[in-house]
Amino acid sequence: MSTAAVMENPRLAESERSHTEHAPIPFRTVFGVELRKAFDTRSGFWLLAAIAAAGVIATGAVLAFASDSDLTYDNFAAAIGVPMTILLPVVAILAVTGEWSQRAGLTTFTLVPDRARVIRAKLAVTLTIGLASMALALGVGALGNVIGTGLKGVDTTWDLSFSSILYIVGADLIGMLVGFTLGILTRNSAGAIVGYFSYWFVLPTLSMVLAANQSWFEKAQPWVDFSFNQNRMYDGGFSGQDWAQFATTGTAWLLLPLAFGLWRVLRAEVK
Amino acid sequence: MIIVDSLTKKYGGFTAVAHVTFRAEPGRVTGFLGPNGAGKSTTMRILVGLTPASAGDVTLLGRRYADLPNPGREIGVLLDASAQHAGRTGREILTLAQRTMRVPRSRVDEMLELVSLTEDESGRRVKDYSLGMRQRLGIATALIGDPEVLVLDEPANGLDPAGIRWMRDLLRGFANQGGTVLLSSHLLHEIEVIADDLVVIGNGRIVAAGTKSELLEAAGTFAAAPDPAVLAAALTEAGHSAEQALGGVRTDADPAAVGRVALAAGVPLTELRPADGAGLEEMFLELTKDNAREEVAA
Ligand SMILES: Nc1ncnc2c1ncn2[C@@H]1O[C@H](COP(=O)(O)OP(=O)(O)O)[C@@H](O)[C@H]1O
Ligand SMILES: [Mg+2]
């Protein structure tokens, strides 16, 4: 690094300089920057690469190991969907927590002081990445299904209804929202990831054991356990009561904590 | 122009910043000086809306920071050079700022050149940067939007002497072009060479403010003599203040007056000069001592 000559501070061209009023930063700009931030670090890049790789490997595994009768679209989609279901919420977590764990927020929130706007952009980016990944999964799965059945000379089966797809996509997006909420609540990458895996692996097990041993809890579970309702979505076919239980637990475990977390994030000092 | 009006920040029962009032004028470099823990960073975070104030107002270019439509284009901010995602490259961090502010892409290379970060260095991840390189990157980020005001918290930390010199010239040039610069430091000598105006803060309160020459003139004259007591007595008799210090006398009389008094009293002078910054330095040391005592007590 040489410091020999001091350069004049290069100014913008006169036409670029506005002496009156700068245009407000449009939302699409904030969105674009946040989208870029999801890919521009090693951790972010490899996480997204891992999601894509897992999809391809899962397709290959079904092709290699499944019996002829198991070569169905449902199985392909499920094999690809599982790693995605687990990893996508981590994308959501890191989108939020990097601002605090890595202290990047000092710059982010000085350039865009309206923090709610940044958070909205992050949420939009999270859901966009979720939807794009799932579209990719369904596409790769369809390709695997066509190739697989073609190679083995069996009939191609399309046994995944559109409504089942919607349930699966919905459940995965809810998983990402859980990650997002944990990120907003903890503002700490490690804490949020531990929290998320507890929610995903530990809580359902505890809840299942409790339900198996206590009949009162078995009856109450659908009304109090959100992960139970989220998991049920993967099977689809919700009744009116299922939706009511989903809405009740979702409000208590997702929306209220999210609202509380946002309230704090908008007020807390960034340092 | 930055106007800070009676800013107060309380953390629970502790007042970190108390009724802080000052201005930073366009065309001038304003140094914000105070020992560690005096409240400089807190004040600067409040300035840019990262920390909510308990009371008081700040306006930058006539507005509250949060009301600026595209703040990076008007106010360049560097609060903590290490507060960056360690996994991003320097160039990427500048690119994110360039995109957020919607300035031409060519600004990224212009800024890298301005702060002397090479192509190779700009492609490294920030976790592998030295503190000095981070400061340079931070200054590049602050300047990329071609702002009118700079707010820099301890930007000289981690810079080598050549780097400090470089920054001094850069900020001087920026102020000469009509820009407003507010920069903080806990080192008197560092800020003395850069600033036109000084705002001194201690324990959350402004203890002195004015142009550098005002504050330095207030320090008077220093004169040394083989017998300082005789000189001090002569000066007092002539109606000047006189305080014995450092083997000499400090007085509010100007050097010519001290010379006349010494001649009349027949005292040979071994040294005669304006007491440059000594007053400020002593005040500053006093502040630092107070602070150190508190830290020991706490
Ligand atoms: N979040 C906080 N809670 C309590 N005290 C704080 C907090 N942030 C800063 N302080 C205190 O406020 C004072 C001023 O800190 P700061 O502005 O960082 O000082 P400086 O930048 O001048 O070194 C210090 O005593 C510091 O400990
Ligand atoms: Mg500080």
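The figures that follow rest on heavy atoms only: side chains count, while hydrogens, waters and symmetry mates do not. Naming: A, B, ... by sequence-line order, numbering from 1 per chain. This is a predicted model, so every value here is computed, not measured.
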Visitor: Counting only non-hydrogen atoms closer than 4.5 Å, does B/Arg99 touch chain A with its backbone (N, CA, C, O), its side chain (CB onward), both, or neither?
Guide: both
Visitor: Who passes side-chain contact (heavy atoms from CB on, under 4.5 Å) against A/Arg103, sequence neighbours left out?
Guide: A/Leu106, B/Asp80, B/Ala83
Visitor: For B/Ala97, is it the side chain, the backbone, both, or neither that has a heavy atom closer than 4.5 Å to a heavy atom of chain A?
Guide: both
Visitor: What part of B/Ser41 gets closer than 4.5 Å to chain A, counting heavy atoms only: side chain, backbone, both or neither?
Guide: neither
Visitor: CZ/B/Arg73 to CD/A/Glu21 distance, rounded to the nearest 0.5 angstrom?
Guide: 11.5 Å
Visitor: Give a yes or no on this: more than 12 heavy atoms of other residues, nucleotides or ligands lie within 6.0 Å of atom CZ of B/Arg205.
Guide: no
Visitor: Testing the basics here: between B/Arg88 and A/Ala104, what is the closest heavy-atom pair and its distance to 0.1 Å?
Guide: NH1-CB, 4.3 Å
Visitor: Looking only at heavy atoms, which of residues 256-271 of chain A get nearer than 4.5 Å to chain B?
Guide: A/Arg267, A/Ala268, A/Glu269, A/Val270, A/Lys271
Visitor: In Å and rounded to the nearest 0.5 Å, what is the CG to OG1 distance from B/Leu78 to A/Thr107?
Guide: 8.5 Å
Visitor: Going by the rule ring-ring contact (aromatic ring centres under 6.0 Å, His included), which residues pair with A/Trp100 if we only count those two or more places apart in sequence or in a different chain?
Guide: A/Phe109
Visitor: Take a 6.0 Å sphere around NZ of B/Lys10 and say whether it holds more than 12 heavy atoms from other residues, nucleotides or ligands.
Guide: no
Visitor: For B/Val77, is it the side chain, the backbone, both or neither that has a heavy atom under 4.5 Å from a heavy atom of chain A?
Guide: side chain
Visitor: Which answer fits A/Thr110, side chain, backbone, both or neither, if we ask what part of it has an atom under 4.5 Å from a heavy atom of chain B?
Guide: both
Visitor: Find out whether A/Asp40 and B/His85 are in side-chain contact, i.e. whether some heavy atom of one side chain is under 4.5 Å from a heavy atom of the other.
Guide: no
Visitor: Using every non-hydrogen atom in the two residues, find where A/Thr29 and B/Thr100 come nearest and quote the distance to one decimal.
Guide: CG2-O, 3.8 Å
Visitor: What residue in B/Ser106, B/Pro71, B/Gly72 has the most heavy-atom pairs under 4.5 Å with chain A?
Guide: B/Pro71
Visitor: CG/A/Leu111 to CE/B/Met101 distance, rounded to the nearest 0.5 angstrom?
Guide: 4.5 Å
Visitor: Report which part of A/Val30 has an atom under 4.5 Å of a heavy atom belonging to chain B: side chain, backbone, both, or neither.
Guide: neither
Visitor: Write down the atom of A/Arg115, the atom of B/Leu50, and the distance for their closest heavy-atom approach.
Guide: NH2-O, 3.2 Å
Visitor: Which pairs pass salt bridge (charged side-chain N to carboxylate O under 4.0 Å, His left out) with one or both residues in residues 84-97 of chain A, sequence neighbours excluded?
Guide: none
Visitor: Heavy-atom distance under 4.5 Å between the side chains of A/Arg36 and B/Glu92, does that happen here?
Guide: yes
Visitor: Do other residues, nucleotides or ligands put more than 12 heavy atoms under 6.0 Å from the CZ atom of A/Arg117?
Guide: yes
